[in-house]
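Reviewing the structure listed below.
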There are 4 protein chains.
Amino acid sequence: MAIHLGANQYGKAESRVVRIYRDTPRHQIRDLNVSSALRGRFEDAHTTGNQGEVLPTDTQKNTAFAFAKEKGVGAIEDFALTLGGHFLDAAAAADGARIEVEEYPWERITVDGADHDHSFVRAGSGIRTTVVNVEGRGSERKAYVVSGIRDLTVLKSTGSEFHGFLKDRYTTLPETDDRILATSLVARWRYDHTEVDWDKSYEQIKGLLLEQFARIHSLALQQTLYGMGEAVLEQHPEVAEIKFSAPNKHHFLVDLSPFGVENPGEVFIAADRPYGLIEATVVRDDASDPGSAWHAVPGFC
Amino acid sequence: MAIHLGANQYGKAESRVVRIYRDTPRHQIRDLNVSSALRGRFEDAHTTGNQGEVLPTDTQKNTAFAFAKEKGVGAIEDFALTLGGHFLDAAAAADGARIEVEEYPWERITVDGADHDHSFVRAGSGIRTTVVNVEGRGSERKAYVVSGIRDLTVLKSTGSEFHGFLKDRYTTLPETDDRILATSLVARWRYDHTEVDWDKSYEQIKGLLLEQFARIHSLALQQTLYGMGEAVLEQHPEVAEIKFSAPNKHHFLVDLSPFGVENPGEVFIAADRPYGLIEATVVRDDASDPGSAWHAVPGFC
Amino acid sequence: MAIHLGANQYGKAESRVVRIYRDTPRHQIRDLNVSSALRGRFEDAHTTGNQGEVLPTDTQKNTAFAFAKEKGVGAIEDFALTLGGHFLDAAAAADGARIEVEEYPWERITVDGADHDHSFVRAGSGIRTTVVNVEGRGSERKAYVVSGIRDLTVLKSTGSEFHGFLKDRYTTLPETDDRILATSLVARWRYDHTEVDWDKSYEQIKGLLLEQFARIHSLALQQTLYGMGEAVLEQHPEVAEIKFSAPNKHHFLVDLSPFGVENPGEVFIAADRPYGLIEATVVRDDASDPGSAWHAVPGFC
Amino acid sequence: MAIHLGANQYGKAESRVVRIYRDTPRHQIRDLNVSSALRGRFEDAHTTGNQGEVLPTDTQKNTAFAFAKEKGVGAIEDFALTLGGHFLDAAAAADGARIEVEEYPWERITVDGADHDHSFVRAGSGIRTTVVNVEGRGSERKAYVVSGIRDLTVLKSTGSEFHGFLKDRYTTLPETDDRILATSLVARWRYDHTEVDWDKSYEQIKGLLLEQFARIHSLALQQTLYGMGEAVLEQHPEVAEIKFSAPNKHHFLVDLSPFGVENPGEVFIAADRPYGLIEATVVRDDASDPGSAWHAVPGFC
């Protein structure tokens with residue numbers, strides 16, 4: 001019986017890179033969580049322990065910090081593309097590099113009605129993400145960008161129904177034409193190419209997702225997600241497909257009748273577990289080949 | 001050798017009460033985490049197992065949900081005061097009731113430039129808290145209110161020094177006149193009485209804390225906290241004292257010199273552990289007696 | 001431009017099913033976290049909101065609890081296979097069902113030197129997992145089983161080297177022939193078929209992983225993982241391949257020289273972030289087709 | 001109106017000190033989480049920013065690591081006492097020092113039936129804790145030790161009743177003479193003095209807590225906790241009092257009757273929130289004065 005090394009990947013995860021721009025008194029901050037990983041022909045490292053082809057994870061971390069100064073931190077997609085390309089050049093045995101970056105949002109603190117120059121407060125709704133995969137060498141090099149948002153927690157207090165579903169002997173759920181719909185959204189969209197104004201695209205897509213969540217009269221979380229994705233694809237030709245992973249955060253109407261109290265959709269208990277989990281992809285028919293774009297992206301079918 | 005029951009307390013923790021006001025098409029949401037506990041003469045429950053004096057924690061939970069409809073949910077301080085008084089009346093053996101409420105902030109989603117009627121997104125900066133202790137019966141009844149905010153994460157990219165400190169043989173920290181100052185603030189303030197416009201007081205104190213954090217040129221986190229507390233006491237006569245618990249979230253300047261790169265305060269690594277932890281109280285000289293106001297409030301000296 | 005629904009999946013996540021066997025005074029406990037998801041031809045649910053083909057996530061939850069009594073809970077793999085097959089039968093539009101189960105280990109409490117009949121304490125080293133995918137109907141039905149363990153935290157205080165690695169201008173890591181090696185292991189192995197004594201296989205593989213971690217003189221975490229996987233494949237013909245995801249939990253030697261104190265490998269600081277992250281697959285050459293076995297398994301390349 | 005500094009405390013929290021003893025091939029590991037804090041006359045640091053009396057939190061961290069080598073790490077209580085005394089000597093303005101230490105348990109990995117010399121696996125049931133407060137100078141010095149255990153998760157599948165409780169109009173809980181009782185125990189006991197064999201005392205008390213949990217037929221979690229505490233005080237004269245904080249982790253019997261299935265105490269759903277929370281103190285009548293022993297110990301009434 002013969003045994004061999006299969007898919008593999010190694011890198012440094014969760015370097016917390018904070019970049020301050022202080023060229024003028026009005027500072028800017030970009031607050032990142034950077035993970036990098038290389039994959040490829042690393043058989044020796046695994047089978048004999050020879051590390052001659054292995055660029056240490058410590059070096060990957062050093063590079064992320066050094067590049068934050070040398071190359072600067074603009075859009076996280078650009079930062080990830082630069083890092084990924086560099087690592088492929090630096091490690092000859094690597095066939096692919098995967099760079100994941102999260103960015104935490106900060107707002108300026110208001111003092112006397114004006115935004116402060118160098119004092120910030122963490123803002124709340126959603127963390128920006130990107131996963132970049134770079135593969136190949138020279139003219140064969142390809143880069144894939146999947147950007148997204150996570151922890152975007154939204155709720156509708158009405159405008160959500162759920163009925164007409166399949167029933168079997170284990171079905172007890174009552175049908176309803178008015179319930180709370182709430183989720184902590186994770187969305188990731190694959191860009192068709194890399195000629196994108198990343199910051200602008202992100203802000204617009206985030207705004208559109210929120211707007212569509214509000215606008216759509218929901219017959220099921222599936223239908224809401226599809227509508228959100230459809231709008232993104234219609235208005236953003238730079239997006240090839242979009243995937244959602246959305247826990248249905250149940251809010252159960254509390255039965256107050258034992259206390260002689262009516263509860264017409266006013267008092268709910270927010271439950272932790274179990275929760276529904278809805279995953280869906282919306283894709284344009286003529287989308288480009290995804291290649292390795294979704295390589296090791298967790299939490300999606 | 002004789003043994004006896006000492007301090008004790010029991011209750012239901014973390015009921016997630018969500019109250020929707022839907023009297024008009026423009027819904028309102030109050031999203032709470034409610035914990036209640038009773039303390040007093042519960043020896044029998046502990047020593048013989050006789051539960052005749054014990055109002056079950058399940059009943060406490062039921063009451064929180066029923067009151068969300070029967071009494072309504074306005075300011076969390078009022079909700080807690082009502083619950084606490086009720087439980088003391090309901091359980092004759094209880095000498096004190098402690099009600100803790102957290103409120104999660106939501107903002108309306110913007111659609112076509114207008115706030116949506118019934119669609120919300122979780123907002124980010126800080127979770128509102130209150131701890132209410134009620135004691136005594138009839139004309140002896142006293143109520144103590146400690147309100148606050150947690151998870152208020154703030155950062156200054158300059159305007160923070162740290163030097164002139166005590167040194168011993170284990171001191172290696174270099175002195176600095178320019179560093180990042182960052183913390184995830186927990187603040188709790190004790191009200192002098194209960195005749196307060198709770199919502200207004202909370203919003204103003206939150207704003208003042210942020211403004212003072214920005215405004216104060218920091219010589220140490222201690223001095224920043226003291227200045228923040230002093231401002232609250234000066235501008236809010238309804239506040240008797242304020243306590244802070246503030247992790248000093250270290251941002252270390254990264255040494256890029258091995259790569260021939262200068263780093264004049266631009267690239268930092270945000271560290272997780274260890275962290276500094278600064279706790280301080282600022283109190284007015286003529287503050288009222290705290291009584292049991294700080295009963296079982298964690299995370300403060 | 002046309003848009004369509006791509007990959008999708010929906011279900012109920014994290015039902016905490018606890019099954020007590022009490023047929024004799026000596027109780028047994030199986031403590032599970034069960035998630036189920038269906039995938040397939042659910043276009044209508046997404047595009048028109050018609051839920052006629054959708055077996056509600058609530059029904060999936062009910063079924064998990066009912067089956068805990070009706071079918072019993074033996075090995076989690078059997079429980080998952082039964083649930084998965086049932087859901088495919090119950091939902092005609094489903095092409096595949098994915099069942100994930102975690103089991104939390106309990107040990108009996110010792111009283112007077114004997115194991116107690118009905119009192120348990122949570123044990124610590126590792127949580128057992130399985131992911132089962134069932135596809136097809138009638139004679140076409142196929143089932144894939146990937147079992148594993150997570151949170152198996154191990155440490156070697158010596159017997160670990162790391163040197164001879166690739167260096168570039170960002171490399172500062174010193175080479176070492178003696179360091180601490182620590183990880184919180186996630187391992188998942190794919191079974192070649194379903195004719196397996198699941199409980200026995202799990203216990204043996206867990207033991208073997210621990211033993212090999214101890215036994216292997218490590219030249220890198222990659223080499224340790226490969227050796228662990230190789231041993232599993234050699235001794236367990238029922239296993240087709242095994243995947244690891246292993247954070248390299250860095251323990252840095254503390255520089256005590258400023259205090260005139262030597263530190264020959266005795267005092268370390270355990271760091272949180274960043275951490276190395278090593279992922280590797282070890283597979284036998286004649287492994288069966290994985291099919292959908294790894295469908296939506298997070299955290300692996 | 002005058003304002004002044006009230007209670008205050010500052011220090012370094014959560015230094016992850018790992019100490020390896022490698023004097024022989026059979027290594028030993030002590031894996032600690034160390035937090036220190038000083039309190040006292042630190043007005044200047046807060047009001048003027050003058051740090052002349054402030055021993056930096058960074059120095060406190062350095063000292064913890066240096067002492068791990070210089071003084072060694074035996075029982076965590078001894079390590080904390082040594083650190084606390086040192087800090088009081090080092091910082092003249094400090095009136096008290098508080099040292100908190102947690103220790104994570106490791107077991108040796110078994111290889112060929114024998115314990116391995118330098119390979120370990122994290123063990124599971126309970127994390128050992130201590131909080132030491134040292135106050136005063138010279139002959140006035142006093143030290144207080146509160147040790148404990150947390151995350152000791154235990155469950156009884158029978159032998160637990162709950163009935164005869166107080167009822168009001170919000171009571172719906174049915175009485176029961178057979179339920180699951182489960183908790184994740186936090187216990188902290190105050191030692192009467194410091195002439196204690198700490199390791200032996202800890203192991204015996206941990207064992208006794210488990211044994212009593214199993215042995216006691218429970219009429220309520222309060223009664224179980226009291227019995228556990230009573231046994232500790234009876235058998236451990238070195239313990240003055242013991243406090244418990246115990247979430248009642250509800251396991252609700254699932255109603256399977258809609259499916260025509262009986263459920264005689266066999267299938268439960270483990271709930272997350274809300275949970276009961278029971279806190280109780282058991283104290284001997286002639287206990288020594290607690291002094292500052294419980295200073296800033298969270299989670300206890």
Side-chain angles (χ1 to χ4, degrees), chain A residues 15-22 27-29 31 62 65-66 68-70 105-112 116 118-126 151-159 180 184 207 210-211 213-215 251 254 256 258-259 261-272, chain B residues 15-22 27-29 31 62 65-66 68-70 105-112 116 118-126 151-159 180 184 207 210-211 213-215 251 254 256 258-259 261-272:
Chain A
S15 290
R16 291 281 288 104
V17 178
V18 178
R19 176 64 159 98
I20 306 293
Y21 285 92
R22 48 194 304 161
H27 289 190
Q28 291 188 315
I29 180 172
D31 182 4
N62 285 348
F65 284 103
K69 171 64 179 163
E70 290 187 89
W106 292 90
E107 294 172 353
R108 291 180 190 277
I109 292 175
T110 304
V111 177
D112 295 337
H116 197 265
H118 59 259
S119 296
F120 305 87
V121 58
R122 267 287 293 276
S125 41
D151 290 0
L152 186 66
T153 304
V154 289
L155 179 149
K156 302 183 72 148
S157 54
T158 190
I180 285 183
S184 175
L210 286 172
E211 191 173 296
F213 176 80
R215 207 187 281 273
H251 287 66
V254 180
L256 302 178
F259 324 123
V261 179
E262 294 195 342
N263 185 12
E266 295 179 307
V267 180
F268 297 85
I269 180 167
D272 296 310
Chain B
S15 290
R16 293 279 290 103
V17 179
V18 178
R19 176 65 159 98
I20 306 294
Y21 286 92
R22 49 195 303 161
H27 289 191
Q28 290 188 316
I29 179 171
D31 182 3
N62 284 349
F65 284 103
K69 171 63 180 164
E70 290 186 88
W106 293 89
E107 293 172 353
R108 290 179 190 278
I109 292 175
T110 304
V111 178
D112 294 338
H116 198 266
H118 58 260
S119 296
F120 305 88
V121 58
R122 267 285 295 274
S125 41
D151 289 1
L152 187 65
T153 303
V154 289
L155 179 149
K156 301 184 72 147
S157 55
T158 189
I180 285 183
S184 176
L210 286 172
E211 190 174 296
F213 176 81
R215 206 187 281 276
H251 287 67
V254 179
L256 302 178
F259 324 122
V261 179
E262 294 196 342
N263 185 11
E266 296 179 306
V267 180
F268 298 84
I269 180 167
D272 295 310

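If you're wondering where the values come from, they're calculated on a predicted model, not measured in any experiment. Chain letters run A, B, ... following the sequence lines, proteins first and then strands; every chain starts at 1.
Taking OG of S157(B) as the reference point, atom CZ of F120(A) lies at 4.5 Å (rounded to 0.5 Å). Note that OG of S184(A) and CG of L152(A) are 7.5 Å apart. Values are rounded to the nearest 0.5 Å. Note that OG1 of T153(B) and CG of D151(B) are 6.0 Å apart. Values are rounded to the nearest 0.5 Å.
With a threshold of 4.5 angstrom between heavy atoms, L210(B) approaches chain A through its backbone and through its side chain. For T110(A), the part lying near chain B is the backbone, with the side chain staying farther off; criterion is any non-hydrogen pair under 4.5 Å. In this structure, chain B has heavy atoms under 4.5 Å from both the backbone and the side chain of I269(A). Heavy atoms closer than 4.5 Å to chain A are found in both the backbone and the side chain of S125(B). Residue F259(B) touches chain A through its side chain alone, counting heavy-atom pairs closer than 4.5 Å. Heavy atoms of A123(B) lying under 4.5 Å from chain A belong exclusively to its backbone. Using a 4.5 Å cut-off between heavy atoms, L256(B) contacts chain A through its side chain alone, with no backbone atom that close. Only the side chain of I109(A) comes within less than 4.5 Å of a heavy atom of chain B; its backbone N, CA, C and O stay farther away. Contacts between E262(B) and chain A at a heavy-atom distance below 4.5 Å involve the backbone alone (N, CA, C, O).
Contact tally against chain A (heavy-atom pairs below 4.5 Å) for R108(B), E107(B), R122(B): the top residue is R122(B). With chain B as partner, the option from G159(A), G265(A), A68(A), G126(A) having the largest number of non-hydrogen pairs under 4.5 angstrom is G265(A). Most heavy-atom pairs under 4.5 Å with chain B: of the set F213(A), W106(A), Y21(A), this distinction falls to W106(A). Chain A forms the most heavy-atom pairs under 4.5 Å with one residue out of V121(B), V261(B), D31(B), and that residue is V121(B). Contacts with chain B were tallied for V254(A), I29(A), V17(A); V254(A) has the most, counting heavy-atom pairs under 4.5 Å.
Remark: E211(A) CD is packed, more than 12 non-hydrogen atoms of other residues, nucleotides or ligands lying under 6.0 Å away.
The shortest side-chain heavy-atom distance between R215(A) and D112(B) falls under the 4.5 Å cut-off.
By the side chain to side chain contact (heavy atoms under 4.5 Å, CB included) test, E266(B) is found to be paired with R19(A), R22(A), D23(A), K69(A), N263(B), P264(B), residues two or more places apart in sequence or in another chain being considered. Residues passing the side-chain hydrogen bond (donor to acceptor under 3.5 Å, both in side chains) test with E70(B), sequence neighbours excluded: R169(D), Y170(D).
Relative orientation of the H251(B) and F268(B) rings is perpendicular, given thresholds of 30° and 60° on the angle between their planes.
Looking at every heavy atom in both residues, A214(B) comes nearest to S119(A) through CA-OG, 3.3 Å.
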